[in-house]
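Structure first, commentary second.
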Amino acid sequence: MSERNAKGKTPEDYGFRKKDSDLSYHLNEQSSVKKTIGIVSGKGGVGKSFITGLLASEMERRGYHTAILDGDITGPSQGKNFGIHEKASGEENLIYPYVTKKGMQIISTNMLLESDDTPVIWRGAMVVNVLKQFYENVLWKNVDYMFVDMPPGTSDVPLTAFQSFYLDGIIIVTSPQDLVAMVVEKAINMAQKMNIKVYGLVENMSYVECPNCGEKIMVFGHSHVQEIADKYSLPVLARVPLDPRIAEASDNGTLEDLEIEALNAAADFIEK
């Protein structure tokens, strides 16, 4: 019997099929995605979803058709980041993504729920099933870069995502704390064991810049990101400061309009 959410609904009630045994996900015939990049964190709370939204927005500004697949099924945040209040619609076996004012395509679990505060109370198999349908049943039109906001951690759901999506590469998001640094190494090792290319690291909440003198204050202590990058021969693609504009843009649903200069080098890398 299918798992039901707090409203008594199952994934099948939203038009999703039951999960089959094939671990490979395949786009439907009407969809086109050129590059798929996973945005990964070893644990939650490091700003992975912010970085996903900001990178996708920057690539859209550069003239590419971009999309976000919010793969954090039980903790979706892209709907909030981009001010999405509409529910998903579609026909037959196709689901239409939300299209932002600048043309970015987005799908997120909140677009399926009756309200944004409805919890997703589904077991892992059902969560994996929804992840699969987001990739296969959504009509992705002429996407140059799809960014997958990957579920955090290294357990069943992210493992299935690694196995099932065709990922051109991943970017791992970290923050300066020692504990996070340790978890990031687990994520790197997981990706390497599964032969997934790690493009590099992005350190979020790296510092706070004094608005008066420009001094960089290391709120969370000494950064370890360069040590980790050197250990695994990876580039540090960006160090993103704690910036109140990011939280404000997310709260207002206007992340698409926000430009963060610290991410330009990461966008350059993706563009190459």
How long is the gap from [atom1] on [X] to [atom2] on [Y], to the nearest 0.5 Å?
X	Y	atom1	atom2	value
L69	T52	CG	OG1	10.5 Å
M104	I68	CE	CD1	5.0 Å
E86	M111	CD	CE	8.0 Å
I217	E209	CD1	CD	9.5 Å
F82	N252	CZ	CG	13.5 Å
D243	L54	CG	CG	9.5 Å

Going hydrophobic residue to hydrophobic residue with side-chain gaps under 4.5 angstrom, can you get from [X] over to [Y]?
X	Y	value
F165	L159	yes
I84	Y96	no
Y25	M126	yes
L263	L234	yes
F162	Y199	yes

For the backbone of [Y] and the side chain of [X], can you confirm whether one donor and one acceptor N or O come within less than 3.5 Å of each other?
X	Y	answer
D70	S77	yes
N81	L255	no
N28	V138	yes
Q78	S49	yes

With a 4.0 Å cut-off, would you call [X] and [Y] a salt bridge?
X	Y	value
E58	R62	yes
E256	K101	no
D257	R61	no
K48	D149	yes

Student check: side-chain heavy atoms of [X] and [Y] closer than 4.5 Å:
X	Y	answer
H65	Y145	no
M150	L167	yes
L131	N129	no
Y98	I107	no
K141	S31	no
L27	Y135	yes
D230	I228	no
W140	T36	no

Where is the tightest heavy-atom contact between [X] and [Y], given as atom of each residue plus distance?
X	Y	value
A88	L112	CB-CD2, 4.0 Å
L55	A267	CD2-N, 4.3 Å
P97	Q105	CG-OE1, 3.8 Å
P151	G71	CD-O, 3.5 Å
P241	I246	O-CD1, 4.4 Å
V127	T74	CG2-CG2, 3.9 Å

Would you say that more than 12 heavy atoms from the other residues, nucleotides or ligands in this model lie under 6.0 Å from the [atom1] of [X], or not?
X	atom1	result
K34	NZ	no
E227	CD	yes
F269	CZ	yes

Side-chain donor-acceptor pair present, [X], [Y], cut-off under 3.5 Å:
X	Y	value
Q192	Y232	no
E185	N189	no
S206	E203	yes

Checking I270, L201, V40 against I171 for side-chain contact (heavy atoms from CB on, under 4.5 Å), the one that qualifies is I270
**OP:** In sequence, state the C-alpha distance, the side-chain angles, and the governing distance for I172 and I188, and then conclude on side chain to side chain contact (heavy atoms under 4.5 Å, CB included).
**Re:** CA-CA 8 Å; I172 298 179; I188 294 172; 3.4 Å; yes
TODO: Under the side chain to side chain contact (heavy atoms under 4.5 Å, CB included) rule, what do M146 and I37 come out as? Steps first, then yes or no, please.
DONE: CA-CA 6 Å; M146 172 184 282; I37 300 171; over 6 Å; no
- prompt: Just checking, K216 and Y207: is the charged tip under 6.0 Å from the six-membered ring centre and within 45° of the axis?
  reply: yes
Walk me through it: do L139 and I95 pass the test side chain to side chain contact (heavy atoms under 4.5 Å, CB included)?
CA-CA 6 Å; L139 180 58; I95 303 166; over 6 Å; no
If you apply the rule side chain to side chain contact (heavy atoms under 4.5 Å, CB included), what do you find for T66 with D144, and how did you get there?
CA-CA 6 Å; T66 64; D144 294 313; 5.9 Å; no
